[in-house]
Amino acid sequence: MTVMKTSMRNFFAHKGRMALSAIAVLLSVAFVCGTLVFTDTMSTTFDKLFAATTSDVTVSAKGASDTGETTADNGKPPVMPASVLDEVRKAQGVKSAEGTVFSTSVTVVDGDKENLSPSSGAPTIVGSWNRNDARTMKITSGAAPKGADQIMVDADTADKHDLKLGDEIGVISAVGTHTAKISAIADFTVTNPGAAIFYLDTKTAQRTLVGESDVYTNVNVTAAGGVSDAQLKKNVTAELGGAFQVKTAKETADANQKDVAGFMNVMKYAMLGFAGIAFLVGIFLIINTFSMLVAQRTREIGLMRAIGSSRKQVNRSVLVEALLLGVVGSVLGVGAGVGLAIGLMKLMGQMGMELSTDDLTVAWTTPVVGLVLGVIVTVLAAYLPARRAGKISPMAALRDAGAPADAKAGWIRAAIGTVLTGTGGFALYLASAADKAKEGSLWLGLGIVLSLIGFVVIGPLLAGAVVRVLGAVLLRMFGPVGRMAERNALRNPRRTGATGAALMIGLALVACLSVVGSSMVASATDQLDKTVGTDFIIQSDRSQLITPQAVQAVKSSPDLAHVTEYKSTQADFTTPDGKTLKDTAITAADPTYATDLSTETVAGKLPDAYKADSMSVHEKFAEDHGIRLGSKIKVAFKDGSAADLTVRAITSSDVVIDAGSMYTSIATLAKYVPADKMPLDSLVFASAKDGRQDAAYTSLKSALHDYPQYIVRDQTDYKDALKDQIGQLLNMIYGLLALAIIVAILGVVNTLALSVVERTREIGLMRAIGLSRRQLRRMIRMESVVIALFGALLGLGLGMGWGATAQQLLALEGMGVLDIPWPTIIGVFISSAFVGLFAALIPAFRAGRMNVLNAIATE
């Protein structure tokens, strides 16, 4: 009880000094809890949506996937004859059945040819209006579509694009373009996560999406009273004879949820990883806080020891303070986490993914995880300072506070840090020298972990050397004030090292990712310059296949020398070694693709692969299956017949663009695949006539005006798009890393604030002998700047080392250009100085306001 009273008294006596540490715990716990609440809410939203939109039993064609993406290589959804509906109705236990048609491989445009697809990446769905959809949508204006000239739109899409009744919109599918006027607007009765949904009547949907009558993509079946979904499935399957896919509502919902869960898990664990980094940074802040508080209370603890307190009691007293800090920070963090989740939902709403707060899900495990994690991390971080407090002897009551650290412990720390750093550096060397990327990645991971821990442990030793260099370069010009700032930073190297290490972690990751991202862009750009000979690349950024009508529009464009079609499909390969490889990717292109992309060959010539009944394979595939020039491979094309193709070329596996591709000609593919089953183009390449590049660029864009889902890019555009994609990914990662950097800044603020308290009497004496308030504030600001720059130097240096090693592994995959983004690195370094200035504002202001006489009188 005495220990608890002492801890409570000390905690509330120093609550101001604990505040920033509590904020660090709060932020870290909030990020963890916010992530869990946000992803759980998304799960709940999709669970409700799938449960509400799924019939008791769904019958679909064999080619339909488990996840609801039903589009085949020819751009049309797999269908089944309308006679299936009559057969289903004959099955026992069927109350009702309804045939429907829908497709996600569509683009919908308004009257100005503006794309109406969601910007969030959610699907655009066009289907037939049916009773099952009427369960989840309510028509709020107009009437359901009847006839080819009518279409219904969901209310969210109508609001986003200012659509109203009577507006004309176009549906672009593999069949062609169908125009209709909005006859109705329907609102969701469940949360719509962002999809754009349009409805036609059944006959119009069949003609528009499939180009056939009397076919369905699905049959929705409702069970009669007392019949379970499982029994109904069994009955329907028996009636159909196993020729189609039959799934219960739960099976369909689970398959859809599994697809969504894959994306959500990636997002969830990535965000939790960054929360872990923030926790790691927060550990340094907490260690520093308690180390300084213990140092400032050395005399007090010595007196406690002198009047009978045991080491264990002193130790427990500090740990109880940490426990209180962890509980307070964690409880506030859990509440802040719920607020953060709501904020993320609002942000997703701005990006087009609607999530209702009505579905906000806070599982009981979320606050438990937040509290346990926050408390454990805080108590563990305070263990070393608590252990140090327990070692304070009664004689410390006779000494001034802040006794120097044990020199022996410092040398042991330096030795351990040197060994860890050296071992980490050697692991990074092994990674850079690896022959295989998979093997090298293991060494890279080990090297990053060991070198990071080594730098953290050896930080105090490095602080002495680095701060002296920074002081000589930056601080000496400020005269005595600058020298005092340097000495203050050097006064306690352990504290400076821990404060700098907190900033080092975040900046090391920033530097590493900057080097990797910049090298990827530079490598891809280099490959484009070396290998891509075409002038223009036409594709969809939403992975939509290119319709025959759009291809014809490209070919009709003037000023073009040639157009190359590029199709991807799958086939079963039977190789000379007798192995059968199922669903192997093969690319069919026009012969001009051999000049559009200069792919290096190790045997034969690539143009020969486009001869009749010929193909190419890549080097690794040839080695694995004993293939050489002239070998024959039996290729059973998807939706077609089998062919014996002769290998005419073996391409290098050491490429970035089209790595691992195997080629044949479109003419060969057409020989074995029926015209109505031919895959649509994934890409189209176009080359301009000599001197007509600008005119061709303009005419191509004009020709594709009616097809806004496709983008025309020249090589400069393509490089810019690649750079933007990687840049957006890096910016998102930097945004998540900002949490760790914010916590690190709090660490600098806290260190300076506690340092000012520790030096109260010293500051009073300096003011008494003539140091002005302005000079005092400048001294503290410069001390902060040098600590921040110390952390930045370590972090940027370490991160560039990691990034350069990672690039060596990427080189094994064909990305052989190392590019150090010096503007970014220099910008981050300079920004660190401003971080130091910002962190020092409050401590410097408080120091300047001290009463000189009161400061001198402080013990």
Exercise for the section: For the residue pair S141 and L165, establish whether any side-chain heavy-atom pair is separated by less than 4.5 Å. Expected result: yes

Exercise for the section: Report yes if the side chains of K48 and D359 come closer than 4.5 Å at any heavy-atom pair, otherwise no. Expected result: yes

Exercise for the section: Please report the shortest heavy-atom distance between I182 and I185, naming the atom on each side. Expected result: CG2-CG1, 4.3 Å

Completion exercise
The reported gap from CG in D577 to CD1 in I627 (rounded to nearest 0.5 angstrom) is 7.0 Å

Problem - Close side-chain approach of M615 to I633, heavy-atom, < 4.5 Å - result: yes

Problem - Pairwise side-chain contact, D86 with R89, heavy-atom cut-off 4.5 Å (strictly under) - result: yes

Exercise for the section: Could you give me the CA-CA distance, side-chain angles and deciding distance for F573 and M662, then say whether side chain to side chain contact (heavy atoms under 4.5 Å, CB included) is met? Expected result: CA-CA 12 Å; F573 283 25; M662 294 183 278; 3.8 Å; yes

Problem - Test item: side-chain donor near acceptor, D658 and Y566, under 3.5 Å - result: yes

Practice task
Output yes when a side-chain donor or acceptor of H178 lies under 3.5 Å from a complementary backbone atom of A148, and no otherwise.
Solution key: yes

Handout entry: V551/Y707 under side chain to side chain contact (heavy atoms under 4.5 Å, CB included): CA gap, chis, key distance, verdict
Key = CA-CA 10 Å; V551 174; Y707 305 93; over 6 Å; no

Exercise for the section: For the pair S183 (side chain) and M152 (backbone), establish whether a donor and an acceptor sit closer than 3.5 Å, ignoring hydrogens and angles. Expected result: no

Fill in the blank from the handout: In K671, K634, K632, the residue satisfying salt bridge (charged side-chain N to carboxylate O under 4.0 Å, His left out) with D613 is K671

Handout entry: Considering all heavy atoms, the nearest T54-R135 contact
Key = O-NH1, 3.4 Å

Handout entry: Passing option when F198 is tested against V171, V106, I169 for side chain to side chain contact (heavy atoms under 4.5 Å, CB included)
Key = I169

Problem - Side-chain donor or acceptor of Q245 paired with backbone N/O of A61 under 3.5 Å - result: yes

Problem - Step-by-step side chain to side chain contact (heavy atoms under 4.5 Å, CB included) determination, T569 to I586 - result: CA-CA 6 Å; T569 189; I586 185 168; 3.6 Å; yes

Problem - Donor-acceptor contact present, side-chain S665 to main-chain S614, <3.5 Å - result: no

Practice task
Report yes or no: does N132 contribute a side-chain atom to a donor-acceptor pair with the main-chain N or O of N130 at less than 3.5 Å?
Solution key: no

Practice task
Please name the residue in the list T664, T587, D681 that meets the side chain to side chain donor-acceptor pair (under 3.5 Å) test with K567.
Solution key: D681

Pairs under 3.5 angstrom only: tabulate donor-acceptor contacts from the side chains of residues 205-213 to other protein residues two or more places apart or in another chain.
{"unit_1": "Q206", "atom_1": "NE2", "unit_2": "V215", "atom_2": "O", "d": "2.8"}
{"unit_1": "T208", "atom_1": "OG1", "unit_2": "T204", "atom_2": "O", "d": "2.8"}

Practice task
Quick one: closest heavy-atom pair of G640 and P674, and the distance?
Solution key: CA-CD, 4.2 Å

Handout entry: Exam field: side chain Y710 to backbone Q544, donor-acceptor pair closer than 3.5 Å
Key = no

Practice task
Evaluate side chain to side chain contact (heavy atoms under 4.5 Å, CB included) for S55 paired with V221, printing each intermediate quantity in order.
Solution key: CA-CA 6 Å; S55 58; V221 189; 5.6 Å; no

Practice task
Quick one: pull up CG in D624 and OG1 in T575 and give me the separation to the nearest 0.5 Å.
Solution key: 10.0 Å

Exercise for the section: Evaluate the criterion side chain to side chain donor-acceptor pair (under 3.5 Å) for residue pair S117 and T124; output intermediate values, then yes/no. Expected result: CA-CA 6 Å; S117 295; T124 298; 3.0 Å; yes

Problem - Exam field: side chain T136 to backbone D133, donor-acceptor pair closer than 3.5 Å - result: yes

Completion exercise
The residue among T44, T39, D40 that forms side chain to side chain donor-acceptor pair (under 3.5 Å) with T361 is T44

Exercise for the section: Measure the spacing between NZ of K234 and OG1 of T248 and express it to the nearest 0.5 Å. Expected result: 14.5 Å

Practice task
May I ask you to decide if the ring planes of W129 and Y199 are parallel, tilted or perpendicular, using 30° and 60° as cut-offs?
Solution key: perpendicular

Problem - Test item: L116 and V109 side chains (from C-beta on) under 4.5 Å apart, heavy atoms - result: no

Problem - Test log, rule side chain to side chain donor-acceptor pair (under 3.5 Å), inputs N235 and E239 - result: CA-CA 6 Å; N235 297 344; E239 187 68 38; over 6 Å; no

Handout entry: Check: D56 side chain, D229 main-chain N or O, donor-acceptor pair, under 3.5 Å
Key = no

Problem - Side chain proximity check, S96 to R131, heavy atoms < 4.5 angstrom - result: yes

Exercise for the section: Could you tell me whether K582 and D572 have a side-chain N and a carboxylate O separated by less than 4.0 Å? Expected result: yes

Completion exercise
Heavy atoms of A196 and P118 approach each other most closely as N-CG, 3.7 Å

Problem - Any donor-acceptor N/O pair, S128 side chain to V101 backbone, under 3.5 Å - result: yes

Handout entry: Side chain proximity check, V32 to L373, heavy atoms < 4.5 angstrom
Key = yes

Completion exercise
For I172 and P708, the nearest pair of non-hydrogen atoms, with its separation, is CD1-CD, 4.3 Å

Exercise for the section: Please check if the side chain of N218 supplies one atom and the backbone of N220 the other of a donor-acceptor pair under 3.5 Å. Expected result: no

Problem - Student check: side-chain heavy atoms of V334 and P367 closer than 4.5 Å - result: yes

Exercise for the section: Count the heavy atoms of every other residue, nucleotide or ligand shown that sit under 6.0 Å from CD of Q92, and state whether that count exceeds 12. Expected result: no

Exercise for the section: Please report the shortest heavy-atom distance between G370 and C33, naming the atom on each side. Expected result: CA-SG, 3.7 Å

